[in-house]
Structures are given as C-alpha cells and as structure tokens.
Amino acid sequence: MRSTNFPGKAGIVPPGAIGHNRGVVDHNFAFIPPEGVLKSRLPAWTSTTVRFLAAPALGAGFAQYMLEIEPSGGTARPICVDLQHFFYVVSGSVELGIESNAPVSLTTGGFAYVPTGVSFAMKCDATAPARVLALKKRYETADGIATPAPIISQHQSMPITNHTGLEGRGFKHLLPMGDLSFDFEMNLMFFQPGVCFPAVETHIMEHGLFMLEGQGLYYLGNTWHEIWADDFIWMGSFCPQQFYPTGSSQAVYLLYKNVNRDVVL
Ligand code: UGY
Ligand code: MN
C-alpha cells in the first residue's frame with residue numbers, strides 16, 4: 001500500500017514515505033493506516049498472516065486484527081479459548097464451523113459471533129484468498145444473565161435501519177441491539193456525503209473502527225484526520241470523536257463498541 005501518489009518504482013522506497021505518514025498514536029486514540037501495520041503469524045492458524053490493529057498494549061480492552069488467509073488456509077485445529085470472538089469477512093470467502101455444527105459458508109459481508117469457551121474452525125475457499133477482520137474480548141458476566149448463543153449471518157440479509165431520524169444515516173446492528181447478554185455491539189454505519197452525527201461524542205465506551213467504503217474526515221481528541229477504506233481507528237474511553245464524510249459516494253465503517261455493563265471500581 002503506497003502512502004503517497006508520488007511516482008515510484010517497485011523495489012524502491014517512494015519519496016514522501018516518511019514525511020507523509022498519516023498514523024498517530026495518542027493516549028486515548030490511535031489512527032492506524034494499513035501501510036505501517038506489519039504482519040506476523042499465529043501458531044493456531046496455517047497459511048495465514050495476522051496484522052494486529054488494537055490490543056491491550058495500545059490501551060484497548062479488546063484485540064482486533066486482520067487475518068489474511070491464503071486459499072485452503074485457516075485454523076490448524078479448532079480453537080476453543082476463554083474469549084468471545086467476532087469475525088467479519090472483508091473479502092473472499094471462508095467456511096466457519098462452530099462446535100460440532102456443519103460449517104457455514106461466509107462470503108464478503110458475512111459475519112459471526114462465537115461466545116466465550118465455544119470452539120470454532122475456519123477454512124478459506126480453495127480458489128481465492130480471504131481477508132477476515134477479527135476481534136476478541138474477554139466476556140464480562142452479569143448476574144442472572146446467560147451468555148449469548150452463536151450467530152452466523154450475512155449483512156446483506158439485514159435491512160438498513162435508522163433510529164436517529166437524521167437523513168442520510170443508516171445502521172446495521174450485527175449483534176442484537178439492547179440484548180443485555182452481549183457486552184459489545186458491532187455496527188455497520190452508513191453515511192451519505194456531508195452527513196455527520198449531530199454532536200461531537202465524548203463517551204465511556206471504546207471503539208475499534210474499520211473503514212470499509214468511502215472517505216471522510218475523523219475528529220479525534222482535538223485534531224482532524226483524513227480517512228479512507230482499510231484505515232483503522234482505536235478510540236479509547238472519553239476520546240472526543242466526530243465523523244464528517246466527504247467524497248461523492250457513501251462512507252461505511254464497522255464499529256466495535258463495549259456496552260451494557262457497569263463501570264468497574
Ligand atoms: O454509536 C457511536 O458511539 C458512534 N456514533 N460513534 C462513532 O461513530 N464514532
Ligand atoms: Mn461513538
């Protein structure tokens with residue numbers, strides 16, 4: 001991924017590679033363009049590289065990462081850990097099996113929620129690679145509330161809703177909104193150009209934001225950042241935030257938000 005549009009040659013670092021870095025890491029937010037996120041591998045996955053985007057090392061209460069899976073790659077064996085997982089297929093297609101259920105095929109726009117302590121296995125299609133945005137988080141139990149059941153679906157089968165009444169906004173709540181058994185939301189947010197949200201938000205909930213489509217300006221803390229597809233933002237608690245979509249087509253991002261639990265004192 002080039003960081004500028006200066007002319008460049010393969011194998012030669014283009015001019016501007018240093019001076020035009022867009023990334024910023026602050027105490028309660030990080031703006032992370034993809035070109036600087038180096039890859040690693042994971043013991044439990046084969047033919048797969050991982051790019052960590054958010055982790056406790058950054059200050060986040062969750063981990064978010066991009067899995068780049070080669071054809072026929074995937075989990076080396078079923079994974080079963082004491083963490084919840086969420087997956088969103090950014091491109092390509094994979095088969096996901098949860099516990100002993102028959103594997104389900106997920107294509108671009110497919111997603112899954114795997115509850116804590118439940119095993120899953122993922123395998124990429126044999127003909128093309130896949131990019132899967134993954135998130136894991138320790139489940140916060142709540143008295144009298146049972147843990148949620150798994151979910152596997154495609155966002156294309158869900159209607160766009162809009163509880164705000166603001167023209168040009170759209171939402172798909174991939175996890176059931178207001179269901180207290182979930183301790184986080186994953187929302188697709190749709191914006192027509194120029195339609196920002198009504199106020200600068202400053203809230204206790206954290207965000208992991210992955211830009212899927214379009215472009216815009218993101219306000220973080222007290223600075224504006226130009227953002228486009230494949231950029232990632234971590235927003236920590238109480239980070240002032242606003243989005244101003246620019247360009248000529250809709251902007252869409254996938255947003256993690258921890259909800260439904262009390263503060264820990
Ligand atoms: O729901 C939210 O917190 C959302 N409006 N925040 C965001 O998009 N940064
Ligand atoms: Mn917010």
Side-chain angles (χ1 to χ4, degrees), residues 22-34 53-54 58-64 84 86 88 90 109 111 113 133 135 137 140 151 155 158-247 249-263:
R22 294 182 297 130
V24 179
V25 176
D26 213 320
H27 77 283
N28 71 347
F29 75 84
F31 174 48
I32 304 185
L53 301 165
L58 191 61
F62 62 101
Q64 201 161 359
Q84 325 170 76
F86 184 91
Y88 184 89
V90 175
F111 64 93
Y113 169 78
L133 185 66
L135 184 142
K137 177 185 187 297
E140 293 173 58
I151 295 175
H155 90 74
M158 301 172 71
I160 296 187
T161 58
N162 183 1
H163 59 280
T164 67
L166 201 65
E167 277 180 38
R169 293 292 309 278
F171 299 81
K172 289 192 183 187
H173 305 289
L174 304 185
L175 301 179
M177 191 55 173
D179 180 339
L180 293 181
S181 64
F182 289 89
D183 65 2
F184 69 96
E185 292 176 3
M186 291 299 288
N187 297 321
L188 283 173
M189 320 253 302
F190 300 77
F191 300 83
Q192 291 308 314
V195 182
C196 55
F197 32 92
V200 172
E201 296 176 358
T202 309
H203 51 66
I204 194 168
M205 300 81 123
E206 270 188 280
H207 288 312
L209 180 159
F210 187 80
M211 193 71 176
L212 289 165
E213 212 180 299
Q215 64 189 83
L217 299 174
Y218 226 98
Y219 184 70
L220 297 164
N222 61 3
T223 48
W224 288 95
H225 304 262
E226 192 172 11
I227 170 174
W228 54 79
D230 283 348
D231 286 340
F232 179 81
I233 298 173
W234 167 66
M235 288 167 252
S237 291
F238 300 109
C239 172
Q241 57 199 258
Q242 174 61 289
F243 181 49
Y244 183 73
T246 57
S249 57
Q250 70 169 358
V252 186
Y253 56 71
L254 177 62
L255 191 73
Y256 159 88
K257 184 176 185 177
N258 57 317
V259 291
N260 299 338
R261 294 294 182 267
D262 206 346
V263 288

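Remember, predicted model here, so these are calculated numbers, not experimental data. Whatever order the structure lists ligands and atoms in, that order sets their numbers, starting from 1.
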Decide whether the shortest distance between a heavy atom of Y218 and an atom of ligand 1 is less than 4.0 Å. yes
Among M235, Q241, M205, K257, which residue places a heavy atom closest to atom 3 (O) of ligand 1? K257
Under 4.0 Å, counting heavy atoms only: does H203 come that close to any atom of ligand 1? yes
Taking 4.0 angstrom as the limit and counting only heavy atoms of M189, give me the atoms of ligand 1 inside it, by number and element. 4 (C), 5 (N), 8 (O)
If you have a sec, work out which protein heavy atom is nearest atom 6 (N) of ligand 1 and how many Å separate them, to one decimal? E201 OE1, 2.9 Å
for atom 8 (O) of ligand 1, nearest protein heavy atom and its distance come out as Y253 OH, 2.5 Å
Is Q84 close to D183 at the side-chain level, that is, under 4.5 Å between some pair of heavy atoms? yes
With heavy atoms and a 4.0 Å threshold, my read on which part of L255 contacts ligand 1 is side chain
Among Y219, F29, Y218, find the residue that satisfies the ring pair (Phe, Tyr, Trp, His ring centres under 6.0 Å) test when tested with H225. F29
With a 3.5 Å distance limit and no angle check, can you tell me whether T202 reaches the backbone of C239 through a side-chain donor-acceptor pair? no
Heavy-atom side-chain proximity of L58 to V25 below 4.5 angstrom: yes
Hey, are the side chains of L175 and F86 touching, using non-hydrogen atoms and a 4.5 Å cut-off? yes
Which N, O or S atom name in E201 marks its closest approach to the Mn ion (ligand 2)? OE1
Opening angle at the Mn ion (ligand 2) [NE2, H203; NE2, H207; to 10 degrees]: 100°
side-chain hydrogen bond (donor to acceptor under 3.5 Å, both in side chains) assessment of Q241 paired with H207: CA-CA 10 Å; Q241 57 199 258; H207 288 312; 3.0 Å; yes
Is the Mn ion (ligand 2) under 2.8 Å from any N, O or S atom of M205? no
So, 4.0 Å and heavy atoms of F197: is ligand 1 close enough to count as a contact? yes
Would the H155 and F111 ring centres measure less than 6.0 Å apart? no
The single option from V195, I160, N162, L212 that satisfies side-chain contact (heavy atoms from CB on, under 4.5 Å) with F190 is I160
